[in-house]
Amino acid sequence: MGTIRLTLLGGFELQADSGAAIRLPTRKAEALLAYLALHGGHAQPRDKLAALLWGDAPDVSARASLRQTLSLVGKALGATAVSALSAG
């Protein structure tokens, strides 16, 4: 299982253990991963995450956007996502 390195100071930078850059497709995906990393070890309720990132959208839309963004992050991280993210 690989590891990832996330740097937030000086800009968002995500790297695989090989040193290769990992690109996330949207700024919201970056924000979501950064938030989850900063609150590691603590479960984050989906409604809280949806409100944090899509607070101006209706609940149904916000939760759908969260699901889509979690999927995008998981795809970008590949096999590493299994150990890095746990969505319940």
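In this text the structure is predicted, and so the values were computed from the model without any measurement.
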With sequence neighbours left out, the residues meeting side chain to side chain contact (heavy atoms under 4.5 Å, CB included) with Leu8 are Leu6, Phe12, Ala34, Leu38

In short, Ala50 meets Leu66 closest at the heavy-atom pair N-CD2, 4.0 Å

Those residues at least two apart in sequence (or on a different chain) that pass salt bridge (charged side-chain N to carboxylate O under 4.0 Å, His left out) with Arg27 are Glu30

Residue set satisfying side chain to side chain contact (heavy atoms under 4.5 Å, CB included) with Leu53, at least two apart, ordered chain then number -> Lys28, Ala31, Leu32

So the salt bridge (charged side-chain N to carboxylate O under 4.0 Å, His left out) pairs with at least one residue in residues 48-71 (sequence neighbours excluded) are none

Contacts satisfying ring-ring contact (aromatic ring centres under 6.0 Å, His included) that involve residues 36-64 (not counting sequence neighbours) are Tyr35-His39

Could you tell me if the side chain of Leu14 sits less than 4.5 Å from the side chain of Arg5, heavy atoms only? no

Exercise. Checking Ser61 side chain against Ala57 main chain: does a donor-acceptor pair fall under 3.5 Å?
Worked result: no

Heavy-atom distance under 4.5 Å between the side chains of Gln15 and Ile22, does that happen here? no

